[in-house]
Every structure is written in C-alpha cells, then in structure tokens.
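Just the heavy atoms: all of them, side chains too, but no hydrogens, waters or symmetry mates, feed the values below. Numbers here simply count residues along the sequence, with the first being 1.
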Amino acid sequence: MASSSSCFLLAALLALVASQAIASDPSPLQDFCVADMHSPVRVNGFVCKDPMAVNADDFFKAADLDKPRDTKMSKVGSNVTLINVMQIPGLNTLGISLARIDYAPLGENPPHTHPRATEILMVVEGTLYVGFVTSNPNKLFSKVLNKGDVFVFPEGLIHFQFNPVHDKPAVAIAALSSQNPGAITIANAVFGSKPPISDDVLAKAFQVEKGTIDWLQAQFWENNHY
C-alpha cells in the first residue's frame with residue numbers, strides 16, 4: 001500500500017514538473033503583474049509594478065490595427081506589427097501577444113520561428129499559402145488559406161506565409177502564446193548574423209562553394225517586424 005501511494009505521489013510530482021517545463025511563460029500568481037519597465041531588477045520577464053499605481057492604460061494601446069501597414073519598403077513584401085509586453089505592460093506574465101501581418105501582392109513573411117510561442121493565425125483579407133516544417137526528418141505541412149480560415153504553427157517550428165496573388169494584398173491576425181514570443185528569421189540568422197558565421201561552416205552545411213556563401217552574407221537581410 002505504501003509502495004502504491006509512493007508511486008502515485010511520484011507520478012503526480014512528475015506531471016506537475018512536466019506541466020511547468022512545457023509552459024511557454026510562467027503562470028501568474030496574482031490577478032496581474034503589470035511590467036515595471038523602469039525597475040533596475042532583472043528577472044525572467046519584468047518586475048511587477050506597484051498594484052496601487054496600476055491604471056487602465058497599462059492594459060491598453062491605441063494600436064490602429066484596423067489600418068493597413070506599408071509593405072512597399074519591405075524587400076520581402078510584408079509588414080509585421082507585433083503587440084507584446086513592450087507595448088502593453090499589462091501583458092506581463094499573461095503568456096499572450098498579438099500581431100497584424102500585412103502582405104503585398106506576392107509578398108511573404110519568410111521562414112522563421114518563434115522560440116517561445118505557438119502561433120494561431122487567421123486570414124482577415126485575401127489568400128495565403130502557409131506551412132511549417134517539423135524537426136528532422138523535416139516534413140512540410142502546408143495549406144492554402146482564404147478569408148476567415150485559421151492555421152496553427154507549433155512552438156519553435158520553422159513556418160512561413162506567402163501571398164500567392166499577384167494583384168491583391170492580404171492581411172492576417174496572429175495570436176501567440178507568450179508575452180514575448182521572439183522571432184528568428186532563418187535567412188537573416190544564418191547569413192546576416194553579426195559577427196558572421198564562418199563561410200567554411202556554411203559552405204559545408206549547404207554544400208555549395210564559399211563564393212556563394214560570401215555573396216549571400218554580403219546582402220542586406222531586412223527585418224520585417226516593425
């Protein structure tokens with residue numbers, strides 16, 4: 001009987017630890033923890049602002065997400081407007097953020113990953129070809145989405161969105177399961193890192209001549225997050 005109880009207790013503890021380990025952001029221990037952006041203390045997230053000093057503006061931003069964004073200046077033809085804890089301090093510890101993505105005709109949000117968040121995306125206007133790639137052996141899951149369609153990109157996996165229409169823009173809204181999901185654009189990270197990754201390393205990895213790598217590293221790798 002004691003052995004059975006011990007096994008049950010161990011299983012419960014393991015389940016508790018596992019649930020905490022897979023959570024994107026720590027769970028809040030109070031109603032809210034508005035980020036104190038001026039605190040010198042560094043923690044995982046932000047220190048809580050004094051609750052007595054909190055007001056409604058800490059949970060609000062006049063973001064104008066109903067208005068189109070400029071995609072003409074983007075080399076990839078997209079503009080990502082992220083609303084996270086840096087814009088709304090009240091998001092601290094709540095494990096959620098939001099983005100509007102505008103796509104020019106034939107524009108794309110290039111292959112990237114969010115190291116701390118799952119993403120759920122809804123097409124507001126237009127058509128998008130979207131997909132994600134699993135960890136090795138790298139299976140592609142892709143779909144063509146139309147207005148009102150929804151698609152999920154699992155946490156940490158490389159994914160993309162592309163507007164396949166040559167004469168109409170597209171718009172999507174995405175929710176992400178972190179107050180600060182992060183974004184790693186694959187081409188930018190590989191070819192635009194500072195300092196650069198050795199061309200010997202990249203030539204071997206991509207199985208091309210070093211001259212090709214040098215040319216790629218010499219390009220301007222733009223960030224489409226504004």
For this session: Verify side-chain hydrogen bond (donor to acceptor under 3.5 Å, both in side chains) between His225 and Asn223, making sure each step is shown before the conclusion.
Result: CA-CA 6 Å; His225 290 63; Asn223 178 14; 3.3 Å; yes

Problem set entry | Steps toward side-chain hydrogen bond (donor to acceptor under 3.5 Å, both in side chains) verdict (Tyr129, Gln161) | CA-CA 6 Å; Tyr129 168 61; Gln161 303 106 35; over 6 Å; no

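Residues meeting the side chain to side chain contact (heavy atoms under 4.5 Å, CB included) test with Pro164, sequence neighbours left out: Thr127, Phe162. In this structure Phe132 satisfies the ring-ring contact (aromatic ring centres under 6.0 Å, His included) test together with Phe141, sequence neighbours excluded. Shown here are the salt bridge (Lys or Arg N to Asp or Glu O under 4.0 Å) partners of Glu125, two or more places apart in sequence or in another chain: Lys147.
Between Phe153 and His159, the two ring planes are parallel [angle under 30°; tilted spans 30° to 60°].
Residue pairs that meet the disulfide bond (SG atoms under 2.5 Å apart) test with at least one member in residues 41-136, sequence neighbours left out, are Cys33-Cys48. Pairs engaging residues 184-207 under the side-chain hydrogen bond (donor to acceptor under 3.5 Å, both in side chains) rule: Asp200-Lys210 [sequence neighbours left out]. Residue pairs meeting the side-chain hydrogen bond (donor to acceptor under 3.5 Å, both in side chains) criterion with at least one member in residues 130-140, sequence neighbours excluded, are Asn136-Asn138.
Of the N and O atoms on the side chains of Thr81 and Arg69, at least one donor lies less than 3.5 Å from an acceptor on the other residue. Residues Glu222 and Ser74 bring a donor and an acceptor atom of their side chains to less than 3.5 Å of each other.
Put simply, the side chain of His112 gets close to the backbone of Pro110: a donor and an acceptor are under 3.5 Å apart. Looking only at distances, no side-chain donor or acceptor of Arg116 sits under 3.5 Å from a matching main-chain atom of His114. A distance-only check finds no donor-acceptor pair linking the side chain of Ser39 to the backbone of Val47 [under 3.5 Å]. Here the side chain of Asn92 pairs no donor or acceptor atom with the backbone of Pro89 at under 3.5 angstrom. Formation of a donor-acceptor pair under 3.5 Å by the Ser178 side chain with backbone atoms of Ala117 is not found in this model. Put simply, the side chain of Gln217 gets close to the backbone of Ile197: a donor and an acceptor are under 3.5 Å apart.
When Asn79, Asn109, Thr71 are each tested for a side-chain hydrogen bond (donor to acceptor under 3.5 Å, both in side chains) with Asn224, only one passes: Asn109.
Within the 4.5 Å cutoff, no side-chain heavy atoms of Val123 are placed close to those of Val171. Here the side chains of Gln219 and Phe191 are not in contact, with every heavy-atom distance at 4.5 Å or above.
Here the CG-OG distance, from Leu91 to Ser97, works out to 7.0 Å after rounding to the nearest 0.5 Å.
Shown here is Gln87, whose CD atom has more than 12 heavy atoms of other residues, nucleotides or ligands within 6.0 Å.
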